[in-house]
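For ligands, and for the atoms within them, numbers begin at 1 and follow the listed sequence. All values below were derived from every heavy atom in this structure, side-chain atoms included, with hydrogens, water molecules and symmetry-related copies excluded.
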Amino acid sequence: MNLPSNFSGATVTHSRGLSTNPYVAMTFDDGPHPQNTPRLLDMLRARNIKATFYVIGSNVDRHPQIVRRIVAEGHEIGNHTYTHRKLTSLGDSEVRREMSRTEDAIVRAAGVKPRTMRPPYGALLQRQREMIFSEFRYPTIMWSVDPLDWKRPGPSIVKSRILSGANNGAIILAHDLHAPTVDAMPGTFDGLLSRGFKFVTVSQLLAQKGQA
Ligand code: NI
């Protein structure tokens, strides 16, 4: 959808959008993966759905062409660190390096800068969130729906957890490095569409804040 994505008034942390419109943001973490991410992109393209990918910088350097495709097809890229370590146990200079190495890799691969970040394991101190927001301008993006797909419960459980958890403004967490998660997506996307949800990127969702 051609929605505004300028969220300059955003606050430091977001777990969902505040709009009452039936928008949801699908987010896919830990890629790009050489097989599963292109397969997911085909599913998204077939439905003209936009998503947000929280990529790991080291994977970006391994598969820059997939990052280029993500951007070329209108999806959003977010920063998910370079090494996927738990940031709460790192010093400030290491946290900065995780952010900047990943940002640089994304710019090299696709010519765009990420606009938001998601911490691995959802772990980030408030002080670190504020530092990243002030130095990189990234809001920290958490989630409101977690199907626990990384525990590999099977595609039908992943789908049903997402469908039962989704509501207006939801930010939905999933992982495109797991094949069963990608297997769950056609039914998940079609189920959300049939319930009247529209898919937006995280930046589009944040730009809707307060506009209800
Ligand atoms: Ni992750």
Phe133 with Leu124, same ILVMFWY side-chain cluster at under 4.5 Å: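 Shared cluster, no.
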Close side-chain approach of Ile172 to Thr188, heavy-atom, < 4.5 Å: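 SC-SC contact between Ile172 and Thr188 ruled out.
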Residues which pass ring-ring contact (aromatic ring centres under 6.0 Å, His included) with Tyr82, listed by chain and number, not counting sequence neighbours: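 Applying ring-ring contact (aromatic ring centres under 6.0 Å, His included) to Tyr82 gives none.
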Residue pair Gln126 / Glu130, side-chain donor-acceptor N/O under 3.5 Å: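 Distance-only check passes for Gln126 and Glu130.
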Shortest-distance N, O or S atom of Asp30 relative to the Ni ion (ligand 1):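 The atom in question is OD1.
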Of the N, O or S atoms in His80, the one nearest the Ni ion (ligand 1):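 His80's closest N, O or S atom to the Ni ion (ligand 1) is named NE2.
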The Ni ion (ligand 1) to nearest N/O/S of His175 below 2.8 Å: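 No, His175 does not qualify, because none of its backbone or side-chain N, O or S atoms lies under 2.8 Å.
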